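Structure record follows, encoded as structure tokens.
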Amino acid sequence: MFPTLWTVHTDRNQGEWALDRYDTWTAETYNFTMFDVSKAESTTLGIHPKNQ
């Protein structure tokens, strides 16, 4: 499967990722606090707007 998001910047001090979508170059930002790290579960980031 070809990834739809590319990691552009990881800021460990601020606790966030900035990602670009390969086909639209739209930036998406995710903060580490958005995820419950007490559970071992998979999280899908950046579902393409066409697939929502």
Side-chain angles (χ1 to χ4, degrees):
M1 182 168 87
F2 189 78
T4 60
L5 293 174
W6 299 101
T7 302
V8 174
H9 181 74
T10 300
D11 187 338
R12 293 176 62 187
N13 294 323
Q14 294 298 318
E16 65 184 24
W17 292 290
L19 307 170
D20 274 343
R21 186 169 298 285
Y22 85 96
D23 57 349
T24 63
W25 297 106
T26 303
E28 299 180 18
T29 302
Y30 297 95
N31 190 293
F32 296 174
T33 61
M34 296 169 68
F35 309 100
D36 184 0
V37 296
S38 64
K39 299 177 185 175
E41 63 182 347
S42 176
T43 302
T44 302
L45 299 177
I47 298 171
H48 200 283
K50 293 178 189 175
N51 299 331
Q52 288 185 354

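Below, each value reflects all heavy atoms present in this structure, side chains not excepted, and no hydrogens, waters or symmetry copies. The first residue in the sequence is number 1, and the count goes up from there. These numbers were taken from a predicted model, which means no experiment stands behind them.
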One should read off an interatomic distance between E16 CD and Y30 OH, to the nearest 0.5 angstrom, of 12.5 Å
Provide the closest heavy-atom pair for N13 versus D11 in the form atom of the first, atom of the second, distance. N-OD1, 3.1 Å
Scanning both residues in full, the closest heavy-atom pair of N31 with Q14 reads ND2-O, 4.1 Å
